[in-house]
Student: 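This is the structure I have questions about; it appears just below.
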Amino acid sequence: LEAVKEAVARKNLTSEFNPTTCTVKSDGNLSCKSGEETVDLIVESNGTRPTGGTVTLEDGVIKSETLVFDGSTEYVDESGANKPELVDGLTPVIYDDELKQWKIANTTKDKWYNYDEKKWANAVILSETGKNKKVGDALTIPEKPEDIKNSDVLALFVWVPRYEYKMPETVEDKNNPDLIDVNFVSKDENVSTDGYTLHPGFTFGSDTLSGLWVGKFETGHIEAKDYHYLGCQDINCQDSDNIRILPNIYSLRYNNVSNMFYASRSMARAGNPFNINSSTADTHMAKNSEWGAVAYLSHSKYGKEGEVYLNTCFNYVTGVGAFSASDYSVAWLNTGSNLKYNGTSGVNASTTGNVYGVYDMSGGASEYVMAYLTTASTTWGASGFGNYAGFTTKPDDKYFDGYTKGNSTDSEYKGHSIGETEEWYGDLNSSIQGGLPWFTRGTTYMRHNEAGVFAFATDSGEGQEYFSFRVVLAPTPYVE
């Protein structure tokens with residue numbers, strides 16, 4: 001690509017040359033469209049040269065490229081989003097609108113994601129039956145909770161690429177806030193554009209990530225219905241093997257924060273059934289900043305843009321939607337297909353307004369996140385990790401967001417979807433405090449119009465009927 005830029009510059013020394021699209025020929029040189037002319041361009045480069053593909057330019061600057069080597073290349077969209085990192089265990093999928101099923105994607109032929117078109121990249125973890133499927137095959141996913149053990153898929157994840165953002169200058173109507181301006185940036189970019197903020201959700205300890213794989217739905221479990229206690233107190237919890245991240249299943253509730261955290265971490269333990277390789281990926285419970293990364297992208301031109309509909313399901317079934325943004329009527333387990341995650345109304349409960357987004361971020365169950373008030377007074381010292389949350393030792397700092405002020409809407413917590421988006425769409429906001437030091441997000445469907453992507457509240461950290469959680473997979477080594 002550096003050689004292409006040099007070739008364009010050289011050509012401009014002898015004649016006016018402003019190519020827009022160049023096709024890569026089999027010898028690695030280019031055939032370029034410049035105005036009404038097609039011009040051959042010699043590219044002087046060493047090493048392996050591409051044998052096909054295209055290069056798109058604007059005023060001599062390369063804007064996007066798809067290069068073919070030996071007849072094949074990975075598909076990359078033109079949004080500028082970082083390419084999804086398909087770490088071990090993840091299989092890319094594309095949705096077949098006619099079949100209404102996910103299919104294993106061909107990453108060299110299928111346009112399996114396109115952020116400009118609000119199609120966020122999706123990937124699955126296959127079950128033993130799913131591993132028998134090949135590229136192009138449709139995958140069986142539960143239509144109802146009792147189908148959970150017959151699924152070709154154990155979990156679905158959505159890729160959220162790293163970006164910088166700029167909030168609206170003013171928000172005159174919080175029920176109809178202007179869009180958040182988002183620019184995708186690489187993991188090597190350390191300086192934001194003037195007026196923008198690099199989103200903190202992509203900083204993981206000392207690592208800067210190119211993106212996050214976020215659980216597409218609230219976390220479920222093969223035994224979850226009315227109650228299932230995980231009992232996970234370390235990163236070798238075998239019950240984590242039974243976690244499922246799927247639509248149309250019961251959300252896993254009644255567990256305290258430590259159970260949720262260690263279950264999430266244990267998904268990458270040695271011998272895990274998800275085939276997650278701990279040398280390339282880390283699984284953990286979502287943090288506040290990571291929730292904010294999804295929420296802000298949902299309210300940009302790459303997301304739904306408007307209010308994400310409520311999951312109104314009385315039974316805490318994942319992926320259920322509503323008929324409108326103001327529909328608070330209770331849906332039941334046997335709700336019609338239109339309200340399911342891939343139904344005509346159900347897709348509006350997604351962060352993209354289509355089947356490619358993240359669900360259950362508004363309503364359903366409230367979700368505990370790894371975010372707490374560090375000055376909370378508990379029986380385990382000045383830390384919210386003791387008492388009801390159930391921790392006996394403090395996790396590594398990279399796994400949680402710590403807050404030093406009870407006024408959690410303070411402007412210093414940028415990107416966390418608290419102060420910057422406070423009361424958008426009338427969503428609930430409740431600052432953390434000593435007796436209730438843990439953040440919850442999304443808020444239970446029972447709060448009706450106060451539930452939403454930007455809603456936040458607080459609680460003790462103990463397990464209750466209406467608290468679930470979300471798993472995040474970071475493309476970075478898992479550390480015990």
Side-chain angles (χ1 to χ4, degrees), residues 1-5 8 19-26 28-33 43 45 47-96 102-124 135-136 156-164 182-189 199 202 208-214 280-281 293 297 300-303 352 354-357 473-476:
L1 294 176
E2 289 298 322
V4 169
K5 287 188 284 187
V8 171
T20 53
T21 301
C22 296
T23 301
V24 181
K25 299 193 293 186
S26 59
N29 293 313
L30 301 180
S31 176
C32 299
K33 186 75 172 176
V43 180
S45 65
T48 303
R49 292 164 63 87
T51 57
T54 59
V55 179
T56 303
L57 304 96
E58 183 178 317
D59 296 328
V61 177
I62 295 175
K63 305 300 290 185
S64 64
E65 74 283 336
T66 301
L67 301 180
V68 177
F69 293 87
D70 296 326
S72 65
T73 185
E74 291 281 320
Y75 164 76
V76 178
D77 76 358
E78 297 183 359
S79 67
N82 292 320
K83 187 174 74 170
E85 291 193 39
L86 290 167
V87 297
D88 290 350
L90 292 180
T91 299
V93 290
I94 188 170
Y95 190 72
D96 188 312
W102 292 96
K103 300 195 310 186
I104 297 177
N106 183 328
T107 57
T108 64
K109 296 181 179 179
D110 291 330
K111 296 181 179 180
W112 60 287
Y113 65 92
N114 188 323
Y115 285 82
D116 284 331
E117 296 179 0
K118 308 179 190 296
K119 291 174 63 174
W120 299 2
N122 280 243
V124 301
V135 170
L156 289 98
F157 286 91
V158 178
W159 178 248
V160 179
R162 185 176 185 239
Y163 62 86
E164 61 180 6
V182 163
N183 296 324
F184 292 119
V185 294
S186 75
K187 67 178 179 180
D188 300 319
E189 183 59 65
H199 199 286
F202 304 96
T208 300
L209 308 179
S210 63
L212 297 165
W213 287 104
V214 177
T280 62
L297 192 61
S300 74
K301 68 178 182 179
Y302 301 107
T352 54
N354 59 44
V355 78
Y356 286 91
L473 190 155
T476 187

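One is the number of the first residue; the rest follow in order along the sequence. All of these numbers come straight from a predicted model, not from anything done at the bench.
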Student: Tell me the closest heavy-atom pair linking Gly357 and Val158, and the distance in Å.
Tutor: O-CG2, 3.7 Å
Student: Would one find more than 12 heavy atoms of other residues, nucleotides or ligands at under 6.0 Å from atom NZ of Lys25?
Tutor: yes
Student: Tell me which one of Tyr75, Trp120, Tyr95 satisfies ring pair (Phe, Tyr, Trp, His ring centres under 6.0 Å) with Tyr113.
Tutor: Tyr75
Student: If you define the side chain from C-beta out and look only at heavy atoms, does anything of Pro475 sit under 4.5 Å from Thr280?
Tutor: no
Student: Just to verify, which of Leu30, Thr56, Ile62 counts as forming a side chain to side chain contact (heavy atoms under 4.5 Å, CB included) with Cys22?
Tutor: Leu30
Student: Indicate whether any N or O donor in one side chain lies under 3.5 Å from an N or O acceptor in the other, for Thr108 and Asn106.
Tutor: yes
Student: State the OG1-CD distance between Thr21 and Glu58, to the nearest 0.5 angstrom.
Tutor: 11.0 Å
Student: Are Pro92 and Leu86 side-chain neighbours, meaning at least one heavy-atom pair lies under 4.5 Å?
Tutor: yes
Student: Rounded to the nearest 0.5 Å, what separates atom OG1 in Thr107 from atom CD1 in Ile104?
Tutor: 12.0 Å
Student: Give the intermediate values and the outcome of side-chain contact (heavy atoms from CB on, under 4.5 Å) for residues Val182 and Leu297.
Tutor: CA-CA 7 Å; Val182 163; Leu297 192 61; 4.0 Å; yes
Student: Is the shortest heavy-atom distance from the side chain of Arg162 to the side chain of Thr208 under 4.5 Å?
Tutor: yes
Student: Go through the side-chain N and O atoms of Ser210 and Glu85 and say whether any donor and acceptor fall under 3.5 Å apart.
Tutor: yes
Student: What's the shortest heavy-atom distance between Asn82 and Lys187, and which atoms?
Tutor: ND2-N, 4.1 Å
Student: Gly80 and Phe184: which non-hydrogen atoms are nearest, and at how many Å?
Tutor: O-CB, 3.5 Å
Student: Taking the six-membered ring for Trp, are His199 and Tyr163 parallel (under 30°), tilted (30 to 60°) or perpendicular (over 60°)?
Tutor: tilted
Student: Going by heavy atoms in the side chains, are Trp159 and Tyr115 under 4.5 Å from each other?
Tutor: yes
Student: How many angstroms lie between CD in Glu117 and OG1 in Thr352, if you round to the nearest 0.5 Å?
Tutor: 12.0 Å
Student: Less than 4.5 Å apart, side chain to side chain, heavy atoms only: is that true for Trp213 and Val160?
Tutor: no
Student: Is there a side-chain contact between Val8 and Cys32, using heavy atoms and a 4.5 Å cut-off?
Tutor: no
Student: Looking at OG of Ser45 and CG of Asn29, how far apart are the two atoms once the value is rounded to the nearest 0.5 Å?
Tutor: 8.0 Å
Student: Is Leu90 close to Phe157 at the side-chain level, that is, under 4.5 Å between some pair of heavy atoms?
Tutor: yes
Student: When rounded to the nearest 0.5 angstrom, what distance separates OG1 in Thr23 from NZ in Lys33?
Tutor: 10.5 Å
Student: So do Asn122 and Trp102 actually touch side chain to side chain, heavy atoms under 4.5 Å?
Tutor: yes
Student: Rounded to the nearest 0.5 Å, what's the gap from OG1 on Thr51 to CG on Leu67? Could you check?
Tutor: 9.5 Å
Student: Between Leu57 and Pro19, what is the shortest heavy-atom contact and its length?
Tutor: CB-O, 3.6 Å
Student: Please check this pair: side chain of Lys119 against backbone of Ile94, looking for a donor-acceptor N/O pair closer than 3.5 Å.
Tutor: no
Student: Would you name the heavy atoms of Arg49 and Val43 that are closest together and state the gap between them?
Tutor: NH1-O, 2.9 Å
Student: Search all heavy atoms of Val87 against all heavy atoms of Ala281 and return the closest pair with its distance.
Tutor: CG2-CB, 3.9 Å
